[in-house]
Amino acid sequence: MRLRGVFATALLATAASGCWVQAGFGPGRTAHNDLESTVTAANVAGLEPAWTASVGGLAQEPIISGGTTYVRSEGALTALNLGTGAQKWQTTTFGDGHSLDGHSLDGWGVPAVVAGKLRVPASSAATPATNGVPCSLVTIDPSDGGVDGVTAVGPDHFDPGPLSSWSCGTDDALTAGSKVVVPWDDSFSDTSPIPTCREFASRSAGVAAIDVEAASNTWFRSDFTWSQCSGDGDPPPPPPFFSPSQASVSGDQLIEVHGEAQGAVLTAYRLADCGKGTGSSCVVSWTLDLGAYVVGPPVVLANGDIAVALENTRIAIVDGASHTVEWTSGPSNAGIVQPLAATPTTIFAAYADGTVAAFPAAGCGASLCGWTWISALGSTASARPSIGGDVLYVGSHGGTLTALPAEGCGSPTCAPLWTHETGSTITGAPAIFNGTIVVGSLDGTVTAFRLP
């Protein structure tokens with residue numbers, strides 16, 4: 001392991017403002033705002049609710065920029081004043097001036113702030129009763145919620161016939177310099193009167209990137225494609241299992257993971273090469289079969305290594321130089337249920353038994369490493385943990401937000417430093433900026449906390 005200058009420089013530039021401008025804070029998806037110094041482990045016990053607001057539906061992870069917090073809920077994006085919680089605007093539809101006018105802002109993908117604009121992933125669906133549109137990346141003006149542009153994401157949609165259906169989903173937007181990366185997946189089915197192909201079905205998934213400084217430089221890569229045509233009376237078999245792509249960025253590399261029948265495959269692409277030539281290609285730098293499915297996106301550690309949470313209860317650390325598994329965490333009695341979070345020294349994992357465990361980011365000098373400390377929550381974590389300075393925040397299914405000492409407590413078991421009951425399951429991972437912690441809940445409530 002060694003610090004890689006390109007990655008460190010890129011991360012510093014992205015995080016310099018301390019704003020929480022995308023899901024997971026920075027392109028490495030560590031969920032760690034290391035510039036937070038107002039709320040610390042020494043004073044977090046004094047946190048109090050500052051305001052609550054409603055966004056009308058299940059609230060995703062907030063993002064914070066320019067004195068405003070933006071919260072995605074199903075079919076909407078809402079802007080709230082970070083100081084007071086007052087609603088500035090809410091956008092529910094978008095259009096391109098032509099065919100997409102009035103289209104619903106469907107989906108759950110968290111937006112990202114790139115080049116001063118909100119970049120919002122939008123999902124879509126089509127049935128015989130509705131004419132669908134491709135999955136899209138919608139550009140929204142943060143000042144008033146107005147739509148400034150729409151770019152298609154992934155493959156073209158299918159025009160639904162009388163017996164067909166199609167759907168396309170998007171995940172959280174990811175910043176990578178001037179590029180916005182959006183994972184996508186789609187499925188299509190059709191029943192035909194032709195005897196030789198009574199039923200047809202297909203599924204695919206991949207990642208798309210749009211360079212906001214050169215809109216024509218757009219590419220998408222299909223990581224998994226499956227299709228099947230059946231004969232008369234024989235329905236097509238179900239597709240092999242696969243999970244939609246998730247991604248992070250390490251220096252000039254896009255690190256993407258998706259699940260296939262045999263488990264998850266980690267793939268790296270050099271972003272500078274993407275979009276050249278045909279405009280839809282992206283050269284693979286390296287791949288690694290992890291042999292198990294993953295939970296959440298890869299997390300790029302401060303030393304350039306990559307941490308992934310495996311559904312078989314382990315964490316795997318991939319060396320950023322050799323692209324091989326360097327070490328794994330020991331097995332647990334419960335599976336990992338949320339994406340990982342990390343500081344330069346520690347990796348945090350939330351388990352199905354309601355515990356949160358800390359592991360040494362640098363490893364332990366062996367191929368199998370145990371946790372350094374563990375803490376029990378009141379119930380299972382319901383959103384990814386987030387870190388502000390030296391405090392780890394975890395939301396749970398019981399509606400409790402818990403603060404833990406990110407640097408440990410000098411004991412194998414650490415007690416919470418502070419808890420607060422929100423009244424509804426926390427569905428949006430905490431976003432932290434300049435002494436304010438913002439979380440979203442299942443009932444559409446957004447809550448902000450500050451020191452008095």
Side-chain angles (χ1 to χ4, degrees), residues 7 9-31 33 35 60-72 77-79 82 88-89 91 94 96 105 107-123 135-154 170-184 207-220 245-256 269-272 274-275 279 282 297 300 429 431 433:
F7 169 73
T9 301
L11 180 60
L12 181 61
T14 301
S17 68
C19 292
W20 201 280
V21 297
Q22 62 183 314
F25 182 64
R29 311 298 286 271
T30 61
N33 185 349
L35 298 181
Q60 298 297 316
E61 178 178 347
I63 63 172
I64 300 172
S65 178
T68 304
T69 182
Y70 304 94
V71 185
R72 185 73 189 275
L77 179 67
T78 306
L82 185 61
K88 293 184 173 182
W89 50 259
T91 296
F94 68 91
D96 60 358
L105 194 66
W108 304 100
V110 176
V113 178
V114 183
K117 301 287 186 178
L118 291 159
R119 317 292 173 162
V120 189
S123 301
C135 277
S136 305
L137 182 69
V138 184
T139 299
I140 292 179
D141 188 328
S143 66
D144 59 9
V147 176
D148 284 353
V150 182
T151 304
V153 169
T170 52
D171 204 346
D172 301 337
L174 171 68
T175 66
S178 64
K179 288 185 173 69
V180 187
V181 177
V182 182
W184 57 268
V207 288
I210 295 92
D211 192 325
V212 300
E213 295 179 353
S216 61
N217 185 12
T218 303
W219 60 270
F220 75 88
S245 302
Q246 299 190 75
S248 63
V249 171
S250 175
D252 65 347
Q253 299 279 316
L254 172 66
I255 311 296
E256 177 265 341
Y269 313 93
R270 187 170 180 268
L271 278 165
C274 294
C282 192
V300 182
F433 171 68

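Partners of Pro111 according to the side chain to side chain contact (heavy atoms under 4.5 Å, CB included) rule, which considers only residues two or more places apart in sequence or in another chain, are Ile63, Arg72, Leu77, Val120. Residues satisfying the side-chain hydrogen bond (donor to acceptor under 3.5 Å, both in side chains) criterion with Thr69, sequence neighbours excluded, are absent altogether. Scanning for side chain to side chain contact (heavy atoms under 4.5 Å, CB included) contacts around Asp148 gives Lys117, Thr139, Asp141, with sequence neighbours left out. Annotation: salt bridge (charged side-chain N to carboxylate O under 4.0 Å, His left out) contacts of Asp172 (sequence neighbours excluded): Arg29. Qualifying side-chain hydrogen bond (donor to acceptor under 3.5 Å, both in side chains) partners for Thr78, counting only residues two or more places apart in sequence or in other chains: Gln90. The side-chain hydrogen bond (donor to acceptor under 3.5 Å, both in side chains) test applied to Thr68 returns Lys88, not counting sequence neighbours.
Contact between Ser123 and Gly107 at its shortest, heavy atoms only, is OG-CA, 3.6 Å. The two residues Pro27 and Leu174 make their nearest non-hydrogen contact at O-CD1, 3.6 Å. Heavy atoms only, all atoms of each residue included: Gln60 and Val71 are closest at O-CG1, 3.8 Å. Shown here for Pro62 and Ala431, the closest heavy-atom pair between the two residues is O-CB, 3.4 Å. What you find for Thr91 and Gly145 is that their closest heavy atoms are OG1-O, 2.8 Å. Across Ala173 and Val180, no two heavy atoms sit closer than the pair CB-CG1, 4.0 Å.
With values rounded to the nearest 0.5 angstrom, Trp20 atom CH2 is found 13.0 Å from Leu82 atom CG. Expressed to the nearest 0.5 Å, how far CG of Leu137 lies from CD1 of Ile210 amounts to 5.0 Å. Atoms CZ and CD, from Arg270 and Gln253 in turn, are 8.0 Å apart once rounded to the nearest 0.5 Å. Residue Ser178 holds its OG atom at 3.5 Å from CG of Asp211, rounded to the nearest 0.5 Å. Rounding to the nearest 0.5 Å places SG of Cys19 at 10.0 Å from CG of Leu35.
Contact check for Tyr269 versus Val181: no side-chain heavy atoms found under the 4.5 Å cut-off. Looking at Leu118 and Val113, their side chains come closer than 4.5 Å, going by heavy atoms from C-beta outward. At least one side-chain heavy atom of Pro142 sits under 4.5 Å from a side-chain heavy atom of Tyr70.
Panel note: side chain Ser65, backbone Val21; no donor-acceptor pair is recorded below 3.5 Å. Side chain of Gln22 to main chain of Thr175: a donor-acceptor pair is present (N/O by atom type, distance under 3.5 Å, no hydrogens or angles).
Among residue pairs with one or both ends in residues 60-71, those qualifying as salt bridge (Lys or Arg N to Asp or Glu O under 4.0 Å) are Glu61-Arg384; sequence neighbours excluded.
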